[in-house]
Amino acid sequence: MNFIKTNSVGVDKPIQKIQERLYAALDSLGTINGYGRVYKNKRKNRFVFECYKGNDEYEDITSQDGSNFFCHVEETVDLTDAPQANLNWIFMLNLEHFYNGNIERMDEEIKQVVNASLIRKPFTLSSMVSGPEFVDNLLKGFFDGKSLAQRDMHPYCIFTVRGTVTYNYKNCS
């Protein structure tokens, strides 16, 4: 399911365009949940990525067993006509949900689809990062009681795509 924000403005507007493009490409390969901008919040002894559901409620999307992608914004505040935001598109996938349950590890095929979806405007791609060091660095403090390296072993695949978007405060709706 693709969770689209109603009336996106500001940085959420280009994020939603990218989200829709990624969802269309990945949903054609299998079952996935797409989210736009999420928030890195501390809950009890660990961090979680949460999406805002409304009425002051957030939903933890990192503890789900399904396949999810979402955007974490490392926003730079720039009040000019063309501010930029640094984005991390994070993919936490169960590969069994793709390619009709193919028993081979199809992580590189999925990365290729993601890369092809992101090489167009409004996103400027800077890097695609995966592997145990990435998981340890980006997601340290997220998974309580599980080895981080185990989270990126078959059938699971975790990676991020980093880049920037430029958006417009004056014409952001």
Side-chain angles (χ1 to χ4, degrees), residues 1-5 8 11-27 29-43 46-53 58-76 84-98 105-120 122-144 146-165 167:
M1 179 165 205
N2 199 13
F3 298 93
I4 299 292
K5 183 176 180 177
S8 62
V11 73
D12 288 325
K13 192 166 183 112
I15 286 173
Q16 185 168 320
K17 278 185 183 178
I18 297 164
Q19 176 188 352
E20 290 172 339
R21 189 183 312 153
L22 285 168
Y23 184 80
L26 292 171
D27 188 53
L29 303 176
T31 305
I32 192 159
N33 294 315
Y35 297 90
R37 182 165 49 112
V38 300
Y39 304 89
K40 182 179 177 179
N41 296 326
K42 186 151 185 163
R43 301 283 183 233
R46 66 186 185 101
F47 287 101
V48 296
F49 283 116
E50 296 180 314
C51 67
Y52 184 70
K53 300 301 283 181
Y58 289 83
E59 179 184 354
D60 176 3
I61 60 173
T62 51
S63 64
Q64 298 176 1
D65 286 333
S67 293
N68 302 305
F69 74 88
F70 48 90
C71 183
H72 178 249
V73 178
E74 296 175 6
E75 191 168 8
T76 55
Q84 288 189 333
N86 298 318
L87 307 181
N88 288 312
W89 283 97
I90 300 169
F91 299 82
M92 302 175 85
L93 309 176
N94 180 338
L95 298 174
E96 292 175 341
H97 297 159
F98 297 92
R105 185 166 173 85
M106 305 293 283
D107 56 335
E108 292 302 317
E109 289 80 357
I110 289 178
K111 290 175 187 176
Q112 185 176 23
V113 169
V114 167
N115 188 53
S117 298
L118 290 175
I119 58 173
R120 301 179 302 179
F123 191 68
T124 303
L125 179 68
S126 65
S127 65
M128 182 179 287
V129 185
S130 61
E133 293 82 17
F134 153 72
V135 175
D136 283 340
N137 290 333
L138 182 67
L139 301 177
K140 189 172 188 80
F142 277 85
F143 302 111
D144 194 27
K146 286 196 176 180
S147 163
L148 295 179
Q150 290 174 333
R151 290 296 219 168
D152 196 34
M153 293 180 66
H154 192 74
Y156 301 103
C157 174
I158 301 173
F159 65 95
T160 190
V161 179
R162 295 178 177 155
T164 59
V165 291
Y167 57 100

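Reckoned from all heavy atoms, side chains included, excluding hydrogens, waters and symmetry mates.
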Say whether [X] and [Y], considering side chains only, have a donor N or O and an acceptor N or O under 3.5 Å apart.
| X | Y | value |
| --- | --- | --- |
| Q19 | N2 | yes |
| T31 | H97 | no |
| R37 | Y35 | no |

Please check this pair: side chain of N86 against backbone of T164, looking for a donor-acceptor N/O pair closer than 3.5 Å. no
pair [X]-[Y]: side-chain heavy atoms closer than 4.5 Å:
| X | Y | answer |
| --- | --- | --- |
| C71 | V73 | yes |
| Y23 | I4 | no |
| L87 | V165 | yes |
| I32 | F69 | yes |

Nearest heavy atoms of [X] and [Y], plus distance in Å:
| X | Y | answer |
| --- | --- | --- |
| S67 | F98 | OG-CE1, 3.5 Å |
| N68 | I61 | ND2-O, 3.3 Å |
| Y167 | A85 | CE2-CB, 3.9 Å |
| L29 | A25 | CG-O, 3.7 Å |

Could you check whether R162 pairs with E74 (Lys NZ or Arg NE/NH1/NH2 to Asp/Glu carboxylate O, under 4.0 Å)?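 Salt bridge absent between R162 and E74.
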Atom pair [atom1] ([X]) and [atom2] ([Y]), whose distance is rounded to the nearest 0.5 Å:
| X | Y | atom1 | atom2 | result |
| --- | --- | --- | --- | --- |
| L22 | I15 | CG | CD1 | 11.5 Å |
| T160 | M92 | OG1 | CE | 10.5 Å |
| I110 | C157 | CD1 | SG | 6.5 Å |
| F91 | M128 | CZ | CE | 7.0 Å |
| E96 | R105 | CD | CZ | 11.0 Å |
| L26 | S117 | CG | OG | 6.5 Å |

Residue of the set E59, K40, R43 for which side chain to side chain contact (heavy atoms under 4.5 Å, CB included) holds with E50: R43
Heavy-atom neighbours of K5 NZ exceed 12 at 6.0 Å: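 Counting other residues, nucleotides and ligands, NZ of K5 exceeds 12 neighbours.
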On the ring face of F159, is K111 found with NZ or CZ under 6.0 Å from the centre and within 45° of the axis?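 Yes, K111 and F159 form such a contact.
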Please find out if less than 6.0 Å separates the ring center of F49 from that of F70. yes
If you apply the rule side chain to side chain contact (heavy atoms under 4.5 Å, CB included), what do you find for D107 with L95, and how did you get there? CA-CA 7 Å; D107 56 335; L95 298 174; 4.1 Å; yes
